[in-house]
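We count ligands from 1, going down the list as the structure has it; atoms in each ligand are counted the same way.
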Amino acid sequence: MTQELSEQQATAAASGASATERFRENKKAGAQASKERVNLLASGVINAVNDTIRRHKVTYDEYNALKAWLIQVGQDGEWPLFLDVWIEHSVEEVANENRHGSKGTIEGPYYVPNAPELPAVATLPMRGDEAGTPLSFQGQVTNLAGQPLAGAHVEIWHADDAGFYSQYAPGLPEWNLRGTVVADGQGSFNVRTMQPAPYQIPTDGACGQLIAAAGWHAWRPAHLHLIVSAPGHLPITTQLYFKGDEHISDDIASAVKPELILDPAPVAGGGGKEVTYNFVLDPA
Ligand code: MBD
Ligand code: FE
């Protein structure tokens, strides 16, 4: 038990620290928001908190518990996790509300840019004894008119069967279950991987404390993460889920949409499953 706990802790701490570090490297704070915009948004959030306090008559004990918890989120490196699990879904909804192509959903905290490029027919990098059911995932990338986008990039990343992401959890080979598949002249691709398992967000840090204190659960349905891109088009960041997953209807990250649920079929005479999913990109 002690051994189990300390291993879990090592993993969550490492994941949190890596996610914070990666965010700093990859997502430069972008254009500065205007004073008017910061005033509007910061006031909105602060007023919403004050309203909640008045409406529910928050006590000093509760206020101090909040303060301690917020400090702990930072110490655990879990701001990326907290924000992506509980906030990003509405940002994505607003960002993509005018698209006509494939549905997007949240990126989450575990994307790594510049994964190795793979040919249109490829197997994601994985260990010789990688656990799970083999999955053959194929499809075509087109524009809104249905014309193929030759050479489109299909970046894929997902957790292993135990729920760990390479580059975040210790002990996994670099780029394990991550790749940039380059579609062929017809925009088609066929990538082999292992079907991921349902995923529990780290439970031993501040986010886990919140989940336990509120009586929630920590589960996300099993998912593949994708970013599909082609020159002259808007890249789409999305995830795909698996029909029948018990957490499809109660994803902790509120990131499931009906259009994003796969129903893989058993491969005739083989041990694995196969599924087709096509992507449609909006013009830039
Ligand atoms: C994940 O794997 C994930 O996709 C999200 C959104 C949050 C935490 C872990
Ligand atoms: Fe994920």
- [ ] Assess whether atom CG of Asp51 is packed by more than 12 heavy atoms of other residues, nucleotides or ligands within 6.0 Å.
- [x] yes
Discussion item. For Trp216 and Trp86, take the angle between the two ring planes, folded into 0 to 90°, and tell me which bin it lands in: parallel under 30, tilted 30 to 60, perpendicular over 60.
Written reply: tilted
Write 'none' if nothing qualifies; otherwise put on separate lines each N/O atom of ligand 1 with a protein N/O atom under 3.5 Å away and their distance to 0.1 Å.
| residue | atom | partner | partner atom | Å |
| --- | --- | --- | --- | --- |
| ligand 1 | 2 (O) | Tyr165 | OH | 2.8 |
| ligand 1 | 2 (O) | His223 | NE2 | 3.4 |
| ligand 1 | 4 (O) | Arg220 | NH1 | 2.9 |
| ligand 1 | 4 (O) | His223 | NE2 | 3.2 |
| ligand 1 | 4 (O) | His225 | NE2 | 3.0 |

Rounding to 0.5 Å, atoms OG1 (Thr238) and CD1 (Ile227) come to a distance of 10.0 Å
Near the Fe ion (ligand 2), meaning under 2.8 Å, the protein N/O/S atoms are Tyr165 OH, His223 NE2, His225 NE2
CH2 of Trp157 to OH of Tyr111, rounded to nearest 0.5 Å, is 6.5 Å
For Asn114 and Trp175 the tightest heavy-atom approach is O-CH2, 3.6 Å
Only residue of Lys103, Lys257, His223 satisfying side chain to side chain contact (heavy atoms under 4.5 Å, CB included) with Gln239 is His223
Check your understanding: Do other residues, nucleotides or ligands put more than 12 heavy atoms under 6.0 Å from Arg55 CZ?
Key -> yes
inquiry  = Grouping I, L, V, M, F, W and Y whenever their side-chain heavy atoms are under 4.5 Å apart, do Val182 and Leu124 come out in a common cluster?
reply    = no
Ring-plane angle category for Tyr110 and Tyr168, please: parallel below 30°, perpendicular beyond 60°, tilted otherwise. tilted
